[in-house]
Amino acid sequence: MPSNQNKHRCSTRLGLREKELVLLEAVRKLPDRQRTTIALRWQRDLPNDEIAAVMGVSLNTVKTCLRLGRDTLEPVLADVSGGER
């Protein structure tokens with residue numbers, strides 16, 4: 001029979017996985033450019049100038065897409081983190 005500690009770990013992991021899925025779904029709903037800039041920043045940790053080069057857009061376009069994407073995702077991030085950001 002699993003201990004209470006193991007039960008807590010499983011429910012915590014499920015909670016984290018559910019939160020990840022909610023965030024992933026929100027990212028998927030972003031417009032293409034916003035989604036791509038967010039992915040290049042978060043997943044590849046690229047600086048803005050490199051994102052601009054990869055995407056073939058201006059630096060200002062990257063900055064705007066990142067800002068708009070973050071603005072859209074901010075309520076989702078606040079919700080999945082329980083307001084702790």
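Worth knowing before you read on, the calculation uses all heavy atoms, side chains too, and leaves out hydrogens, waters and symmetry mates. Just so it is clear, the model here is predicted, and its values are computed rather than measured.
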Taking [Y] as the starting point, is it possible to reach [X] by hopping between hydrophobic residues whose side chains are less than 4.5 Å apart?
X	Y	value
V57	W42	yes
L21	L16	no
V54	I38	yes

Q: Not counting sequence neighbours, which residues clear side chain to side chain contact (heavy atoms under 4.5 Å, CB included) with A52? List them please.
A: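 Here the qualifying residues are V62.
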Q) Which residue pairs pass the side-chain hydrogen bond (donor to acceptor under 3.5 Å, both in side chains) test when at least one of the two sits in residues 43-56, sequence neighbours left out? A)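 Every pair satisfying side-chain hydrogen bond (donor to acceptor under 3.5 Å, both in side chains) with a residue in residues 43-56: R41-N48.
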Q.
Within the structure provided, determine whether L40 and M55 are in side-chain contact (heavy-atom separation under 4.5 Å).
A.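 Side-chain contact under 4.5 Å: yes.
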Q | salt bridge (charged side-chain N to carboxylate O under 4.0 Å, His left out) contacts touching residues 56-65 (sequence neighbours left out) | A |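 Every candidate salt bridge (charged side-chain N to carboxylate O under 4.0 Å, His left out) pair involving residues 56-65 fails, so no pair, neighbours aside, qualifies.
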Q) Once you round to the nearest 0.5 Å, how far does OG1 of T37 lie from CG of L46? A)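 Taking OG1 in T37 and CG in L46, the distance rounds to 11.0 Å.
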Taking distance alone, no hydrogens or angles, what donor-acceptor pairs closer than 3.5 Å link side-chain atoms of residues 26-33 to residues at least two apart or in another chain?
| residue | atom | partner | partner atom | Å |
| --- | --- | --- | --- | --- |
| D32 | OD1 | R35 | NH2 | 2.4 |

Show me the donor-acceptor pairs, under 3.5 Å and distance only, between side chains in residues 64-71 and residues at least two apart or in other chains.
| residue | atom | partner | partner atom | Å |
| --- | --- | --- | --- | --- |
| T64 | OG1 | N60 | O | 2.9 |

